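Okay, structure first, notes after.
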Protein chains: 2
Amino acid sequence: MKAESVRKPANEEPTKARRRDREKTKAEILQIAFEEFAESGLLGANADAIAARAGITKRLIFYYFNSKEELFTAVLEMAYGKMRLAEEDLHLETLEPEAAIRRLAEFTFDFHQANPEFVRLVAIENIHRGRHINSSEKLKQMTRPVIGQIERMLAKGKGLGAIRPEVDAYELHATLNALSIFSVANRHTFEAQFRWDMSSPEAKARRRVEIAEVLWRYVRGSPRSSITDEE
Amino acid sequence: MKAESVRKPANEEPTKARRRDREKTKAEILQIAFEEFAESGLLGANADAIAARAGITKRLIFYYFNSKEELFTAVLEMAYGKMRLAEEDLHLETLEPEAAIRRLAEFTFDFHQANPEFVRLVAIENIHRGRHINSSEKLKQMTRPVIGQIERMLAKGKGLGAIRPEVDAYELHATLNALSIFSVANRHTFEAQFRWDMSSPEAKARRRVEIAEVLWRYVRGSPRSSITDEE
DNA sequence: AGGTTAATTAACCTGATGGATAATTGATGT
DNA sequence: ACATCAATTATCCATCAGGTTAATTAACCT
C-alpha cells in the first residue's frame, strides 16, 4: 500500500487532513452510526453528531449512504453480519446433547450481554416494525447458521433419546433468544418495577445458568412426558 | 393542506364547542397519546397529531401535562396501572401447582398479545433507559401484585413437592415475561430472519402452550418421582 | 506536468415541531 | 347579572436536523 504520504511541513500529526479512502471512511461512518443509532434510536440519532464524531462533514454521510434510513439499514446489515460470523464458531455438533444445549444457551446469553448495542438496535428495528430488515435484500438473504446447527443437534439428541422428539428448532431458538435478549433489552423497566438487579456480574452469572437450566429442562427427554396429543 | 377551518355553519353536531371537562379532556389526551407513543415512539409521536386526533388545541396538552416527557410518563403510569389491575384478578392461590403455572403463563401471554401497544411502550421506555419510570414516584411505588401471588403459589407448590425448592419467584417472572413479551416485541425481526410466522392465530396458539410447557418443565419437581398425571 | 475523477468541505435551505404568549369563552357562585 | 377563574383557542417563534447546491482538493492516469 501507499505510504502515508505525510508531507507535513511543521505539524507532525500522523492523522491530519483526512486521507481519501472510500472504504475506510464508509466503515468509520458505519461504526459510529451503529453506536449512535443504538444509543439514540432511528429518530434520536443525529447526522451532525455522527459526522462530528467521525471527523467528517455531514454531507459525506449522504454521499455514501443516501439517507438516514439507508444508513440505518446498512448498520443493521453490519450488525447482523457480525452475529452471523460469531454463530459459525459455535460447533454444537461435537457435543453431547446436554452440553450442546448449555453451550448454545451460554453462547447466546454471552453474546447479547457483550453486545447490548446490538440488542438495542434490534429493539429499535422492531419498534419500526422491521421495515428496514424487510427492505434489505441482503438482510433477507442472510441466513443465520444457528438454526441449522440447532436442527442437527436436536436430531442427534432425539436419536439418542436425550431430547424429546416434540422439540422444534424454531421454538427452541425463539425461547432462548427471548430469555437472552430480555436480560438486556428490558433491564430498565424490570429493575425499576421489581428493584431486582439484573446488571451486576453476580446477577448475570445467576441468570446465565438459570437460562441454560430452563432450556435443558425444556428439551430433555423424560420417562414420562406430560405432553398430550389432545387438540 | 389545512382547509379544515370553520366552514360548518348549519351542521351542529352534539359534540360541538367542546364541553369544559378537565378530567375527561385529560383522559382523552392520555388515551390518544398512549396510542401515538406506542405507534411512533417518544420522539416520533407528534403533539400536533395528538391534539388533532383528540379534537383539541395543542396548547391543551401542555396545559395539562407540562411537556412531552411528562405526558409520556403519565401514559406509562396509566398503562402499568391497567396491567396491575388485570393482575389482581389472577387468583393463582386456588389452583393446583401445575394448573396455576399454566394459568399464569397463559394469562401473561394473552395479556401481551392483547396489548401490543403496551409491549411497544415498554420497549420504547427501555430504549430510553427507563428514565421516565425511574423519575415517576407513582410508578416506583406501584407494586405489581403478580410477584406476591407467584411467591405464595410457589411456596404452596414446594410444600406439596410439586415444585422444586430452588425456583425463585423473580427468576420465574423474568422467564415468563421474556417469553411472552418476545412474541410481540421481536415479532418483526424474528419473522424476517427465519421466515417463521409468529402472528397467525395458529402460531400464537402453539406458542402459548409451548411457553406454558417451558415454564412448567422448569419449575416442576423431579419428574421421576412426582409424575402422577396420566391424563 | 496536467487534466480528470472522486472524495471532501463549506454554506445554505426548509419543513417540522416542541413549546410559549396572549386573548377568549364557558361555567359557576354570589 | 356580573365578576371570577379555569378551560380552551389562535398565533407565533426559535431551533433543530435532514438533505442539497456548489465549490474545493487530493489522488490517479496517462
Side-chain angles (χ1 to χ4, degrees), chain A residues 1-9 11 13-30 32-33 36-37 39-75 128 132, chain B residues 1-8 12 14-30 32-33 36-37 39-75 128 132:
Chain A
M1 271 332 244
K2 53 227 76 179
E4 303 305 278
S5 75
V6 230
R7 51 269 123 145
K8 290 286 115 55
N11 199 333
E13 290 303 297
T15 32
K16 214 49 208 171
R18 172 161 218 86
R19 285 208 319 283
R20 300 190 165 205
D21 186 333
R22 184 184 179 85
E23 295 311 316
K24 191 182 170 194
T25 301
K26 280 173 70 173
E28 283 177 11
I29 294 175
L30 223 41
I32 291 174
E36 290 285 323
F37 280 128
E39 175 63 35
S40 314
L42 175 57
L43 295 131
N46 179 266
D48 286 293
I50 295 173
R53 279 192 53 198
I56 57 166
T57 313
K58 179 170 61 170
R59 181 68 242 264
L60 265 195
I61 295 173
F62 297 95
Y63 179 64
Y64 287 119
F65 311 88
N66 303 304
S67 67
K68 204 185 187 184
E69 298 268 325
E70 283 183 52
L71 175 60
F72 186 82
T73 306
V75 163
H128 294 280
H132 309 90
Chain B
M1 311 309 162
K2 30 181 52 180
E4 340 269 320
S5 292
V6 227
R7 53 197 189 87
K8 298 276 296 181
E12 294 297 336
T15 41
K16 55 185 173 207
R18 173 168 213 82
R19 280 215 300 280
R20 300 191 164 203
D21 186 332
R22 183 183 179 87
E23 294 312 316
K24 191 182 171 195
T25 302
K26 280 173 70 172
E28 282 177 13
I29 294 174
L30 222 41
I32 291 175
E36 291 286 323
F37 279 128
E39 175 62 36
S40 315
L42 174 57
L43 294 119
N46 178 266
D48 286 294
I50 294 173
R53 279 192 54 200
I56 56 166
T57 314
K58 179 168 60 170
R59 182 68 243 267
L60 265 194
I61 295 173
F62 297 96
Y63 178 64
Y64 287 119
F65 311 89
N66 301 305
S67 66
K68 205 185 189 185
E69 298 269 324
E70 284 182 52
L71 176 60
F72 186 83
T73 305
V75 163
H128 293 280
H132 309 91

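We name chains A, B, ... by the order of the sequence lines, and we start the count at 1 in each one. The structure displayed is predicted, hence computed values, not measured ones. Excluded from the calculations below are hydrogen atoms, water molecules and symmetry mates; all remaining heavy atoms, backbone and side chain alike, are included.
- Atom-to-atom, CZ of B:Phe62 to P of D:dA6 comes out at 21 Å; the value is rounded to the nearest Å.
- Comparing atom distances between the A:Ala47 side chain and each of D:dG18, C:dG19, D:dT20 picks out D:dG18 as nearest.
- Evaluation of atom-type donor-acceptor distances gives no pair under 3.5 Å for the side chain of A:Arg59 against the base of D:dT20.
- When heavy atoms are screened at a 4.0 angstrom cut-off, A:Tyr64 is found touching the sugar-phosphate backbone but no base atom.
- The only option from A:Arg59, A:Arg53, A:Lys58 that meets the salt bridge (charged side-chain N to carboxylate O under 4.0 Å, His left out) definition with A:Asp48 turns out to be A:Lys58.
- Between the CD1 atom of A:Ile29 and the P atom of C:dA7 there is a distance of 11 Å, rounded to whole Å.
- Between A:Glu28 atom CD and C:dA7 atom P the separation is 15 Å, expressed in whole Å.
- The OG1 atom of B:Thr25 sits 12.0 Å away from the CG atom of B:Leu30 when rounded to the nearest 0.5 Å.
- The distance from atom CG of B:Asp48 to atom P of D:dA10 is 13 Å, rounded to the nearest whole Å.
- Computed from coordinates, the B:Leu43 CG to D:dC16 P distance equals 15 Å when rounded to whole Å.
- OP1 and OP2 of C:dT8 both lie 4.0 Å or more from every side-chain N or O belonging to A:Tyr63.
- At whole-Å resolution of the value, CZ in A:Phe65 and P in C:dA7 are 13 Å apart.
- As rounded to whole Å, 21 Å separates atom P of D:dC5 from atom CG of B:Asp21.
- Going from atom NZ of A:Lys68 over to atom CZ of A:Phe37 covers 6.0 Å, rounded to the nearest 0.5 Å.
- Side-chain nitrogen and oxygen atoms of A:Asn66 include none within less than 4.0 Å of the OP1 or OP2 phosphate oxygen of D:dG19.
- Checked against D:dG18, D:dA7, C:dT9, the side chain of B:Arg20 finds its nearest nucleotide in D:dA7.
- Contact annotation: A:Thr25 does not reach the phosphate of C:dA7 (side-chain N/O to OP1 or OP2, under 4.0 Å).
- Using a 4.5 Å heavy-atom threshold, the side chains of A:Leu71 and A:Asn66 count as separate.
- Spacing between atom CZ of A:Arg22 and atom C1' of C:dT5 amounts to 12 Å, rounded to whole angstrom units.
- Counting any heavy atom pair closer than 4.0 Å across all strands shown, A:Ala51 reaches no nucleic acid atom.
- In this model, a side-chain donor or acceptor of A:Lys58 finds a partner on the base of D:dG19 within 3.5 Å.
- Across all strands shown, the partner of D:dT30 is C:dA1, judged by Watson-Crick or G-U wobble contacts whose two distances both fall under 3.5 Å.
- Nearest to the side chain of A:Leu60, among D:dG19, C:dT8, D:dT9, sits C:dT8.
- If you take CZ on B:Phe65 and CD1 on B:Ile29, they are separated by 5.5 Å, rounding to the nearest 0.5 Å.
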